[in-house]
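Reckoned from all heavy atoms, side chains included, excluding hydrogens, waters and symmetry mates.
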Amino acid sequence: MRPGYWILALATLSVVIGMFVSQDPERAGRLSQMYRDAALTGEARQLAIMGLAVAIGAFVVYLSMTRR
């Protein structure tokens with residue numbers, strides 16, 4: 001099966017699940033509360049972004065040193 005069909009199937013599945021979840025207000029409320037609880041706040045968010053920036057920078061340096 002071609003990758004385009006897989007992407008289309010996953011997108012369709014996510015739309016169907018989104019429609020199912022958004023129809024039930026209680027489930028939608030629980031889902032939005034879960035997103036709020038899982039979000040990084042304040043200093044933890046800054047540390048995560050800084051760690052991601054360092055990792056990307058290290059990867060760029062690694063690629064520039066190994067490719068000649």
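For Ile17, the side-chain contact (heavy atoms from CB on, under 4.5 Å) partners at least two apart in sequence or on another chain are Leu13, Val21. Judged as a side chain to side chain donor-acceptor pair (under 3.5 Å), and not counting sequence neighbours, Arg45 has no contacts. Applying the side chain to side chain donor-acceptor pair (under 3.5 Å) test to Glu43 and every residue at least two apart in sequence or in another chain returns nothing.
Residue Leu8 is found outside any hydrophobic cluster, as its side-chain heavy atoms come under 4.5 Å of no other Ile, Leu, Val, Met, Phe, Trp or Tyr.
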Listing, residues 33-42 side-chain donor-acceptor contacts under 3.5 Å, not counting sequence neighbours, or none:
residue, atom, partner, partner atom, Å
Gln33, OE1, Arg36, NH2, 2.8
Gln33, NE2, Asp37, OD1, 2.9
Gln33, NE2, Asp37, OD2, 3.4

Side-chain polar contacts of residues 56-63 - donor-acceptor pairs under 3.5 angstrom, sequence neighbours left out - could you list them?
none

